[in-house]
Amino acid sequence: MLAHEERSRRGRLRAWEASERRSLPRGRLVEFVRLIFVTLFAAAGYTVATRVSRSPSETLAYVVLGTSTGFVLGGVLGRQTATAVRSMEEELRKVPAAEVVAGVGGLIAGLAVAALLSVPVFRLPPLVAWTSVAFTYVTLAFAGFRIGRTKHEELFGLIGMKPRAAGAPERVFVVDTSALIDGRILDLVATGFLSGDLLIHTAVLHELQTIADSSDPGRRARGRRGLDVVVELKRAATVEVHLVDEDGGSDVDAVLVRLARERGASLVTTDHNLSKVAEAVGVPVPRLNDLAVAFRLPVGIGDEIEVRLVKPGREADQAVGYLEDGTMVVVESAGERIGSDTPIVVRNVIKTATGRMVFANLQ
């Protein structure tokens with residue numbers, strides 16, 4: 001089993017790395033910058049040649065020299081520009097949209113104040129005036145941007161808007177299919193342990209829809225439960241649910257890990273293997289099982305419940321069923337009850353790496 005988990009983890013890591021490679025930017029920006037430099041240096045070479053050369057061959061040599069210089073410098077600066085643009089894009093992905101909007105608003109306000117303060121400054125000597133004006137514009141624009149980002153929640157609140165998901169990156173969570181089917185995320189949201197942005201990829205919704213359309217009654221019930229949880233999360237007052245539609249490949253787990261990493265978010269999952277993969281690439285994973293157990297009363301020893309048995313267990317004459325939240329129930333001497341709703345008595349509840357497991361006898 002451990003070998004299987006290790007192979008699964010390695011496979012998901014390879015899929016995630018492949019999706020990362022596919023997402024790297026192409027060299028169009030580099031070639032565009034190089035084209036600009038080739039054109040500029042070729043024109044510069046021709047301009048110099050018209051002033052100093054005495055023959056067409058010398059003019060051609062200057063143009064070729066300028067073109068070659070522009071090709072080399074354009075390539076170097078183009079790669080640096082592409083790297084800078086990519087770094088800026090990655091940083092902006094981690095900044096909530098509300099902060100960006102509020103920061104831009106603060107920047108515009110700072111420029112407006114600087115324009116008003118600059119009017120009397122132009123009465124000074126030109127050198128002093130232009131230096132003071134430049135300093136005023138840069139300082140107030142930067143200060144306005146910083147203040148807007150820092151006070152974005154209060155600023156949006158003044159105009160009646162609710163940027164509840166516009167908090168810091170640590171308040172952004174990517175939710176996977178298993179966490180939605182589990183359902184305990186609703187308890188964590190209701191108690192305030194999870195608040196802010198909840199990002200749900202459309203691939204997760206497609207998985208839930210596929211499970212809900214399954215011919216197996218148990219899978220169909222879990223799929224519908226996951227869809228109901230999505231609806232309840234959208235109604236919650238302390239979180240903002242965002243549907244993300246980004247093409248990242250066919251492996252949903254790799255897409256979710258990459259999404260969380262790019263957005264600086266945490267990954268909410270009850271999938272043990274997926275949580276290990278996420279932690280391996282530096283994505284925080286809240287311990288959903290450890291948190292949720294404090295807010296949901298577990299099934300206790302001696303409780304009499306009814307569960308639908310769906311498959312044989314590992315041992316002879318054992319049967320396995322699942323509670324509504326997905327908890328596995330192993331029932332002794334119930335092999336002939338598979339496929340039916342069976343009353344049972346809980347005799348033991350143990351905690352595992354992926355949640356809880358219930359052992360029971362027939363009632």
Side-chain angles (χ1 to χ4, degrees), residues 23-37 39-41 44 70 73-174 195-199 239-240 242 244 246 259-266:
S23 66
L24 293 177
R26 301 182 182 275
R28 295 180 181 177
L29 178 60
V30 177
E31 298 303 324
F32 180 72
V33 174
R34 175 175 282 166
L35 176 62
I36 293 176
F37 272 79
T39 304
L40 291 176
F41 276 82
L73 291 179
V76 174
L77 294 178
R79 285 189 291 273
Q80 292 180 350
T81 302
T83 301
V85 169
R86 185 185 175 193
S87 300
M88 183 180 298
E89 180 185 1
E90 291 177 352
E91 290 299 322
L92 286 177
R93 285 181 177 179
K94 299 178 182 179
V95 180
E99 286 192 24
V100 176
V101 173
V104 172
L107 185 146
I108 295 175
L111 291 176
V113 174
L116 294 176
L117 295 178
S118 300
V119 174
V121 177
F122 280 111
R123 298 182 180 180
L124 300 174
L127 179 60
V128 177
W130 284 107
T131 304
S132 302
V133 168
F135 176 79
T136 303
Y137 269 88
V138 172
T139 303
L140 292 182
F142 180 75
F145 180 79
R146 295 288 297 180
I147 293 173
R149 281 194 59 184
T150 304
K151 299 294 184 179
H152 65 278
E153 292 186 358
E154 291 86 347
L155 293 175
F156 279 104
L158 290 175
I159 58 177
M161 297 183 65
K162 182 175 57 175
R164 58 191 176 196
E170 61 267 22
R171 293 180 57 197
V172 180
F173 302 90
V174 175
S195 62
D197 271 345
L198 295 184
L199 307 183
V239 295
E240 183 76 22
H242 299 276
V244 180
E246 295 181 1
L259 176 63
R261 190 166 184 264
E262 290 179 349
R263 302 292 179 91
S266 300

(Q) Counting C-beta onward and ignoring hydrogens, is there a side-chain heavy-atom pair between R263 and L199 closer than 4.5 Å? (A) yes
Show me the donor-acceptor pairs, under 3.5 Å and distance only, between side chains in residues 137-147 and residues at least two apart or in other chains.
unit_1, atom_1, unit_2, atom_2, d
T139, OG1, F135, O, 2.8

(Q) Distance check, rounded to the nearest 0.5 Å: I36 atom CD1 versus T81 atom OG1? (A) 9.5 Å
Q: Search all heavy atoms of V33 against all heavy atoms of G74 and return the closest pair with its distance.
A: CG1-O, 3.9 Å
(Q) Less than 4.5 Å apart, side chain to side chain, heavy atoms only: is that true for T83 and Q80? (A) no
Q) Considering all heavy atoms of both residues, which atom of A265 and which atom of F173 are nearest to each other, and what is their separation? A) CB-N, 4.2 Å
Q. What is the minimum heavy-atom distance between A102 and G148, and which atoms define it?
A. CB-O, 3.2 Å
